[in-house]
Amino acid sequence: MRIHLTSIFVDDQATALEFYTEVLGFVKKHDVPVGEQDRWLTVVSAEEPGGTELLLEPAGHPAVKPYRDALVEDGIPLAQFTVDDVHAEYGRMSALGVRFTQEPIEMGPVTTAVFDDTCGNLIQISTQPE
């Protein structure tokens with residue numbers, strides 16, 4: 001069993017696609033119209049184009065807003081991405097105007113930081129021990 005697809009709710013798919021590709025460096029994989037307004041819109045790591053897809057899912061369901069608002073209020077990230085160097089990504093992304101809610105923190109062999117993805121979510125980045 002493998003993870004092929006996971007999703008993250010976003011307020012606006014076009015804004016999310018721009019942020020996730022131009023700021024975070026993901027690559028668009030699928031963009032298929034669904035209904036009048038929505039899209040089946042996925043991105044993948046530029047380093048693993050055949051890897052796990054992230055669905056930028058419209059946040060239209062009534063349960064999404066209170067759920068995400070509670071997570072943001074408590075400072076809880078909705079998802080985590082692995083990077084080679086949290087400090088370097090923090091510097092690069094901060095220079096691009098990304099707002100971090102947690103600066104890099106070292107916790108034993110793992111370093112983490114948390115940012116606002118401009119689409120209603122907090123996202124954690126981390127380095128993993130080798």
Side-chain angles (χ1 to χ4, degrees):
M1 191 174 298
R2 297 178 307 277
I3 297 173
H4 172 73
L5 175 91
T6 190
S7 64
I8 190 166
F9 290 108
V10 297
D11 296 329
D12 178 275
Q13 287 184 298
T15 300
L17 180 61
E18 182 178 334
F19 182 83
Y20 277 76
T21 56
E22 294 182 19
V23 175
L24 300 185
F26 289 99
V27 177
K28 179 171 62 172
K29 176 116 183 195
H30 296 288
D31 189 352
V32 179
V34 177
E36 296 285 324
Q37 303 170 15
D38 299 330
R39 299 146 65 182
W40 180 263
L41 181 60
T42 67
V43 295
V44 294
S45 168
E47 298 170 15
E48 296 179 8
T52 303
E53 295 178 50
L54 179 64
L55 174 63
L56 303 177
E57 189 164 356
H61 190 281
V64 172
K65 182 169 176 30
Y67 170 69
R68 290 191 314 163
D69 287 351
L71 290 178
V72 169
E73 184 175 323
D74 290 343
I76 299 171
L78 183 67
Q80 177 177 308
F81 303 139
T82 300
V83 297
D84 292 332
D85 183 334
V86 169
H87 293 281
E89 282 300 308
Y90 173 81
R92 182 188 73 78
M93 291 169 60
S94 293
L96 292 172
V98 174
R99 184 179 71 84
F100 278 80
T101 61
Q102 175 199 301
E103 295 183 5
I105 295 176
E106 295 181 21
M107 298 179 283
V110 177
T111 303
T112 66
V114 178
F115 65 89
D116 180 336
D117 77 348
T118 73
C119 304
N121 308 292
L122 297 180
I123 305 294
Q124 181 171 332
I125 54 173
S126 71
T127 54
Q128 299 299 311
E130 294 182 21

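By convention here, the first residue in the shown sequence is residue 1. What you see is a predicted model, and the numbers here were worked out from it, not measured in a lab.
No path of Ile, Leu, Val, Met, Phe, Trp and Tyr side chains, each step under 4.5 Å between heavy atoms, connects Val44 with Ile8, placing them in separate hydrophobic clusters. Under the 4.5 Å side-chain contact rule for hydrophobic residues, Leu96 and Phe19 share a cluster.
Judged by distance alone, the side chains of Thr82 and Gln80 never bring a donor and an acceptor atom under 3.5 Å apart.
Applying the salt bridge (Lys or Arg N to Asp or Glu O under 4.0 Å) definition to pairs two or more places apart or across chains, those involving residues 81-94 are Glu89-Arg92. For residues 48-59, every residue pair satisfying the side chain to side chain donor-acceptor pair (under 3.5 Å) rule, not counting sequence neighbours, is listed here: His4-Glu53, Ser7-Glu57, Thr42-Glu53. Applying the ring pair (Phe, Tyr, Trp, His ring centres under 6.0 Å) definition to pairs two or more places apart or across chains, none involves residues 35-57. Within the structure, the salt bridge (Lys or Arg N to Asp or Glu O under 4.0 Å) test picks out the following pairs touching residues 114-123 (sequence neighbours left out): Arg99-Asp116.
Val114 forms part of a hydrophobic cluster together with Val72, Leu122, judged by ILVMFWY side-chain heavy-atom separations under 4.5 Å.
Inter-residue side-chain proximity for Ile105 and Met107 is flagged as met; some heavy-atom pair is nearer than 4.5 Å. The closest side-chain heavy-atom distance from Leu55 to Thr6 is not below 4.5 Å. Within the 4.5 Å cutoff, no side-chain heavy atoms of Val10 are placed close to those of Leu41. Side-chain atoms of Phe81 and Gln124, non-hydrogen and from C-beta on, never get closer than 4.5 Å to each other.
For Arg2, there are no side-chain contact (heavy atoms from CB on, under 4.5 Å) partners two or more places apart in sequence or in a different chain. With sequence neighbours left out, Tyr90 forms a ring-ring contact (aromatic ring centres under 6.0 Å, His included) with Phe100. Every residue meeting the side chain to side chain donor-acceptor pair (under 3.5 Å) condition with Gln102, not counting sequence neighbours, appears here in chain and number order: Thr112. Qualifying side chain to side chain donor-acceptor pair (under 3.5 Å) partners for Asp12, counting only residues two or more places apart in sequence or in other chains: Thr15. For Thr111, the side-chain contact (heavy atoms from CB on, under 4.5 Å) test picks out Val86, His87, Pro104, Glu106, Thr127, with sequence neighbours left out.
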Name the atoms and distances for all side-chain donor-acceptor pairs under 3.5 Å in residues 26-34, with sequence neighbours left out.
| from | atom 1 | to | atom 2 | distance (Å) |
| --- | --- | --- | --- | --- |
| Lys29 | NZ | Pro49 | O | 3.0 |
| Asp31 | OD1 | Arg39 | NE | 2.8 |
| Asp31 | OD2 | Arg39 | NH2 | 2.8 |

Which atom pairs, donor and acceptor, lie under 3.5 Å between side-chain atoms of residues 62-69 and protein residues at least two apart or in another chain?
| from | atom 1 | to | atom 2 | distance (Å) |
| --- | --- | --- | --- | --- |
| Lys65 | NZ | Asp69 | OD2 | 2.8 |
| Arg68 | NH1 | Phe9 | O | 3.0 |
| Arg68 | NH1 | Cys119 | O | 2.8 |
| Arg68 | NH1 | Asn121 | OD1 | 3.4 |
| Arg68 | NH2 | Asp11 | OD1 | 2.3 |

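By the 6.0 Å contact criterion, CD on Gln37 is open, its count of non-hydrogen atoms from other residues, nucleotides or ligands being 12 or less.
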Inset, instruction - Start with the C-alpha gap between Ile125 and Phe115, add the side-chain angles, then the distance that decides, and say whether side chain to side chain contact (heavy atoms under 4.5 Å, CB included) holds. - result: CA-CA 8 Å; Ile125 54 173; Phe115 65 89; 3.6 Å; yes
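A donor-acceptor pair under 3.5 Å links the side-chain atoms of Gln13 to the main chain of Leu56, judged by distance alone.
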